[in-house]
Asker: 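To start, I am sharing the structure in question, which I have written as C-alpha cells.
We count residues from 1, following the sequence as given.
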Amino acid sequence: MVKVITFLIMSVCSFATMAASVDCDKAFNTLEINYCAKVELDQAEAEMKLYLDKSIAQYIADTHVVESINIAQSAWQSYSKSQCDSVFTMFRDGSLRVVMTLSCRTKLTQQRTYELWSQYLTYMDSSAPVLPEPTASDLS
C-alpha cells in the first residue's frame with residue numbers, strides 16, 4: 001500500500017516537469033502516457049468536486065441529506081482507493097501499472113460525478129438540471 005502511494009507520488013512529481021512539453025494527442029512513451037492519464041484524472045476530480053459542492057449546496061437546508069452525501073462520498077473514496085490499489089497490484093510488475101491505476105481512478109471518478117448529478121442535481125419532472133450532465137465520454 002505504501003509502495004503504491006510512494007510510486008504514484010514520485011510519478012506525479014516527474015509529471016510536473018513535463019507539463020509544458022507534452023501533447024497528449026501524440027503521447028508515445030510511458031512517462032508521457034502516464035502524465036496525460038494524470039491530467040485526465042485531475043480534470044475528472046475537478047469536475048466531481050464541482051458536482052459534489054453543488055449537490056451539498058442544493059440541500060444545505062436539510063442537514064440530514066448533507067450528512068448522507070458526505071457519508072456516501074467518504075465511503076466512495078474508500079472504495080475507489082481500494083479498487084484502484086487492487087488494479088495497481090494486478091499490474092505491479094509491468095510498465096502499465098501507473099496508467100491502469102490512473103485510468104481506474106478516472107473512470108470511478110466520472111461514474112461518481114454522474115451519480116451525484118443524477119441523484120442530487122436533476123429533477124423528476126422536465127425542469128432543467130442544476131448543472132449539465134457531466135462530460136465523461138464513457139460511463140460504461
Side-chain angles (χ1 to χ4, degrees):
M1 181 79 63
V2 173
K3 289 181 182 179
V4 172
I5 294 169
T6 303
F7 189 83
L8 289 174
I9 290 172
M10 288 177 17
S11 296
V12 170
C13 290
S14 64
F15 294 160
T17 59
M18 299 181 67
S21 63
V22 175
D23 178 356
C24 288
D25 292 332
K26 297 177 182 175
F28 67 93
N29 66 43
T30 302
L31 195 56
E32 290 177 349
I33 292 167
N34 290 346
Y35 168 80
C36 295
K38 177 65 169 108
V39 167
E40 187 177 358
L41 173 60
D42 290 346
Q43 291 168 347
E45 287 178 337
E47 185 176 46
M48 181 180 67
K49 182 176 180 345
L50 171 69
Y51 281 69
L52 176 63
D53 291 348
K54 198 65 163 177
S55 296
I56 291 170
Q58 186 74 0
Y59 291 94
I60 198 70
D62 189 336
T63 58
H64 297 293
V65 174
V66 171
E67 180 181 5
S68 294
I69 292 170
N70 287 326
I71 290 169
Q73 186 66 17
S74 179
W76 175 82
Q77 288 169 330
S78 293
Y79 163 74
S80 177
K81 182 182 181 325
S82 296
Q83 177 63 26
C84 296
D85 283 354
S86 73
V87 169
F88 183 90
T89 300
M90 185 171 67
F91 288 96
R92 70 187 172 276
D93 295 329
S95 62
L96 288 175
R97 65 187 173 270
V98 174
V99 74
M100 296 304 290
T101 304
L102 292 170
S103 295
C104 173
R105 290 179 56 199
T106 299
K107 183 174 182 175
L108 292 180
T109 300
Q110 291 170 336
Q111 289 171 347
R112 176 64 178 154
T113 303
Y114 185 84
E115 286 299 315
L116 289 165
W117 174 78
S118 67
Q119 294 298 313
Y120 306 110
L121 302 174
T122 61
Y123 299 99
M124 296 177 96
D125 62 13
S126 60
S127 299
V130 176
L131 288 176
E133 187 170 350
T135 59
S137 57
D138 181 18
L139 293 173
S140 57

Asker: With side chains defined as the heavy atoms from C-beta onward, is the minimum distance between Asn70 and Val66 less than 4.5 Å?
Answerer: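 Heavy-atom side-chain distance check passes, below 4.5 Å.
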Asker: Out of Glu40, Gln43, Met48, which one pairs with Gln110 under the side chain to side chain contact (heavy atoms under 4.5 Å, CB included) rule?
Answerer: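 Between Gln110 and the candidates, side chain to side chain contact (heavy atoms under 4.5 Å, CB included) is satisfied uniquely by Glu40.
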Asker: Drop me the distance from Ile69's CD1 to Leu116's CG, to the nearest 0.5 angstrom.
Answerer: 7.5 Å
Asker: Is it the case that the ring center of Tyr114 lies less than 6.0 angstrom away from the ring center of Trp117?
Answerer: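 That pair passes the under 6.0 Å test.
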Asker: Quick one: are Gln77 and Arg112 in side-chain contact, heavy atoms under 4.5 Å?
Answerer: no
Asker: Flag the pair Phe91 / Met100 as yes when at least one side-chain heavy-atom distance between them is below 4.5 Å, and no otherwise.
Answerer: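 Yes, at least one pair of side-chain atoms sits under 4.5 Å.
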Asker: Quick check: is Val99 connected to Phe28 through a chain of hydrophobic side chains (ILVMFWY, heavy atoms under 4.5 Å apart)?
Answerer: no
Asker: Might you point out which heavy atoms bring Thr122 and Pro129 nearest each other, and give the distance in Å?
Answerer: CG2-CB, 3.9 Å
Asker: Atom CE of Met90 and atom SG of Cys84: how far apart are they, to the nearest 0.5 Å?
Answerer: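 Spacing of CE (Met90) from SG (Cys84) equals 10.5 Å.
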Asker: Is a side-chain N or O of Gln73 found less than 3.5 angstrom from the main chain of Leu52, in a donor-acceptor match?
Answerer: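 Answer holds: no.
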Asker: Please check: side-chain N/O of Ser86 versus main-chain N/O of Gln83, any donor-acceptor pairing under 3.5 Å?
Answerer: yes
Asker: Between Arg105 and Glu45, which heavy-atom pair has the shortest distance, and what is it?
Answerer: NH2-OE2, 3.1 Å
Asker: Which value, rounded to the nearest 0.5 Å, describes the distance between Lys81 atom NZ and Thr101 atom OG1?
Answerer: 10.5 Å
Asker: Looking at every heavy atom in both Ser95 and Thr30, which two are closest together, and how far apart are they?
Answerer: O-CG2, 3.7 Å
Asker: Taking the side chain as everything from C-beta on, heavy atoms only, tell me whether Arg92 gets closer than 4.5 Å to Thr89.
Answerer: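 In contact.
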Asker: With a 4.5 Å limit on heavy-atom distance, are the side chains of Leu31 and Val22 in contact?
Answerer: no
Asker: Give me the atom names and distance for the closest heavy-atom approach of Thr109 to Ala44.
Answerer: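 Thr109 and Ala44 have their closest heavy atoms at CG2-O, 3.4 Å.
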Asker: Output the distance between atom CD (Gln111) and atom CH2 (Trp76), rounded to the nearest 0.5 Å.
Answerer: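 Separation between the atoms: 9.5 Å.
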Asker: Evaluate the side-chain contact (heavy atoms from CB on, under 4.5 Å) criterion for residues Tyr120 and Val130: first the C-alpha distance (whole Å), next the side-chain angles of each, then the deciding distance (0.1 Å), finally the verdict.
Answerer: CA-CA 9 Å; Tyr120 306 110; Val130 176; over 6 Å; no
Asker: Measuring from Asn34:CG to Leu96:CG, what's the distance to the nearest 0.5 Å?
Answerer: 8.5 Å
Asker: Nearest 0.5 Å, please: how far is OG in Ser55 from CD1 in Ile60?
Answerer: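 It is 11.5 Å, given to the nearest 0.5 Å.
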